[in-house]
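Worksheet: one structure, shown below.
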Amino acid sequence: MTKITAAITAVGGYVPDYVLSNKELEKLVDTTDEWIITRTGISERRILKGDKMGTSELCVPVALEICRKRGISPEEIDLLIVATVTPDMVFPATANIVTDKIGAKNAFGFDIAAACSGFLYALDTGARFIESGRYKKVMVIGADKMSSIIDYTDRTTCIIFGDGGAGVLLEPNEEGYGLIDSILKSDGHGREYLHMKAGGSAQPATLETIANREHYVYQEGKMVFKYAVGNMSEAAHDIMKRNDLTPEDIAWLVPHQANKRIIDATAHRMGLPDEKVMMNIQRYGNTTAGTLPLCLWDYEKQLKKGDNLVLAAFGGGFTWGASYVKWAYDSK
């Protein structure tokens, strides 16, 4: 039997209109445009404004763009997976809300929460449903409304994060294109360095947790940076080694957009020049589960059928990993 792989057949993306620049942040916290750019590479980020606008509002235009590009109806989607740590509600899943909003009446859906590695986890999960032979069209979206959990008086986090999302359609392929291999890792010890303290079942919301500002992202930057550089670059290097890939074989590194220095360290470990590295952190900041697919969306026109891509990410808690994807189509 010919092996079925899960190929990416369409990409969609969306970022809100409102631009939060470094200059505007200078008015909110003690920082400067130069300091932010030097340490992170970020110049601006997008913010989703409006009453009761949740992560599903980022996902809907992504899903509809994917359907339009592929020439399919939402009713043809079998499964929708949304990677996010900022769901519209604790339940139902944001994926279920999105399927309703786009009219995907024949799809089931669920969310995956793995912070900045969420899209990697969701892509691998979606691929398994395709490889089973039972499902033909699986949509995977990574999106986060990080502004909903960011403290804009905390300069260690508010300069980094933005809102946005993007996604892909996975379909069966028998020519060897698509997701070839993944290395996925996690280590819960890292939760002490990057987490949101309150709002879960261990520490539900109270007047005290709100007063203590415990419903926002907490990050120990130096420790997260240290672990991110080591683990993300190691996973990317290991996926190359396991699949006998040389730097010359790789068309693109698709790295999580958290910090330009982390991206540079990963590319260096892989032996890749800057021109093979996807980068849009300067415009969007860190959109958590949205960064990897947003890179694919931005660079889609430069991708060619047969290109070897390595996707790599590192996220809170900790989660990290890398995936090897062989691109399945030439962009029109």
Side-chain angles (χ1 to χ4, degrees), residues 39-42 83 85 112-124 142 144 146 156-157 160-162 166 179-195 217 219-243 245-247 249-274 276-282 284-296 298-299 308-325:
R39 284 160 180 78
T40 68
I42 302 168
V85 290
I112 286 181
C116 300
S117 304
F119 183 76
L120 274 188
Y121 280 33
L123 184 68
D124 195 82
D144 273 296
M146 293 304 294
T156 64
T157 56
I160 298 169
F161 295 95
L179 181 64
I180 308 300
D181 193 16
S182 292
I183 295 173
L184 304 174
K185 303 279 189 176
S186 64
D187 180 2
H189 170 72
R191 67 188 181 280
E192 84 178 85
Y193 306 116
L194 183 51
H195 63 261
V217 171
Q219 175 173 284
E220 286 188 31
K222 288 183 179 178
M223 290 300 292
V224 172
F225 180 85
K226 174 186 170 184
Y227 279 100
V229 167
N231 289 331
M232 185 166 139
S233 61
E234 182 180 15
H237 176 265
D238 288 351
I239 204 86
M240 287 176 64
K241 187 176 179 181
R242 196 157 85 177
N243 291 278
L245 295 169
T246 67
D249 295 326
I250 296 170
W252 294 98
L253 166 64
V254 188
H256 172 50
Q257 308 286 302
N259 182 297
K260 187 177 184 297
R261 291 182 293 169
I262 297 172
I263 295 170
D264 290 344
T266 302
H268 178 75
R269 178 77 190 278
M270 297 171 68
L272 296 179
D274 290 348
K276 286 190 173 187
V277 181
M278 293 188 185
M279 183 113 52
N280 57 18
I281 188 174
Q282 66 277 12
Y284 305 142
N286 182 352
T287 56
T288 304
T291 68
L292 295 180
L294 275 171
C295 280
L296 296 176
D298 269 356
Y299 282 79
N308 292 317
L309 279 56
V310 172
L311 286 64
F314 181 89
F318 291 127
T319 60
W320 70 96
S323 292
Y324 166 32
V325 171

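These numbers come from the heavy atoms of this one structure, side chains and all, not from hydrogens, waters or symmetry mates. It should be emphasised that the depicted structure is a prediction, and the values quoted were computed from it without experimental measurement.
D144 is not listed as a side-chain neighbour of F161, based on a closest heavy-atom distance of 4.5 Å or more. Using a 4.5 Å heavy-atom cutoff, the side chains of L311 and L123 are in contact. Residues N280 and Q257 are in side-chain contact: their nearest non-hydrogen atoms beyond the backbone lie under 4.5 Å apart. Using a 4.5 Å heavy-atom cutoff, the side chains of I239 and S323 are not in contact. Counting heavy atoms from C-beta outward, M270 and P247 have side chains that stay 4.5 Å or more apart. Taking 4.5 Å as the limit, some side-chain heavy atom of Y121 sits within range of a side-chain heavy atom of S186. Two residues are said to be in side-chain contact when any heavy atoms from C-beta on lie closer than 4.5 Å; W320 and M232 fail this criterion. For the pair S182 and D124, the minimum side-chain heavy-atom distance is below 4.5 Å.
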>> Please evaluate residues I262 and F225 with respect to the criterion side chain to side chain contact (heavy atoms under 4.5 Å, CB included), reporting the C-alpha separation (whole Å), side-chain torsions for both, the decisive distance (0.1 Å), and the verdict.
In response: CA-CA 7 Å; I262 297 172; F225 180 85; 3.7 Å; yes
>> If you apply the rule side chain to side chain contact (heavy atoms under 4.5 Å, CB included), what do you find for N286 with T288, and how did you get there?
In response: CA-CA 5 Å; N286 182 352; T288 304; 3.9 Å; yes
> Given the rule in the side chain to side chain contact (heavy atoms under 4.5 Å, CB included) test, do V325 and V254 qualify, once you have shown the distances and angles that lead to the verdict?
Replying inline: CA-CA 10 Å; V325 171; V254 188; over 6 Å; no
> Taking it one step at a time, do L194 and Y227 satisfy side chain to side chain contact (heavy atoms under 4.5 Å, CB included)?
Replying inline: CA-CA 11 Å; L194 183 51; Y227 279 100; over 6 Å; no
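Between F318 and F314, the two ring planes are tilted [angle within 30° to 60°].
Within the model, atoms OG of S117 and CG of L292 stand 8.5 Å from one another, a figure rounded to the nearest 0.5 Å. Taking OG1 of T319 as the reference point, atom CD1 of I112 lies at 11.5 Å (rounded to 0.5 Å). Distance check: D249 CG to M240 CE gives 7.5 Å after rounding to the nearest 0.5 Å. Taking NZ from K260 and CZ from R39, the interatomic distance works out to 14.5 Å, rounded to the nearest 0.5 Å.
A donor-acceptor contact shorter than 3.5 Å is absent between the side chain of D298 and the backbone of C295.
Counting heavy atoms of neighbouring residues, nucleotides and ligands inside a 6.0 Å radius, atom NZ of K276 exceeds 12 of them.
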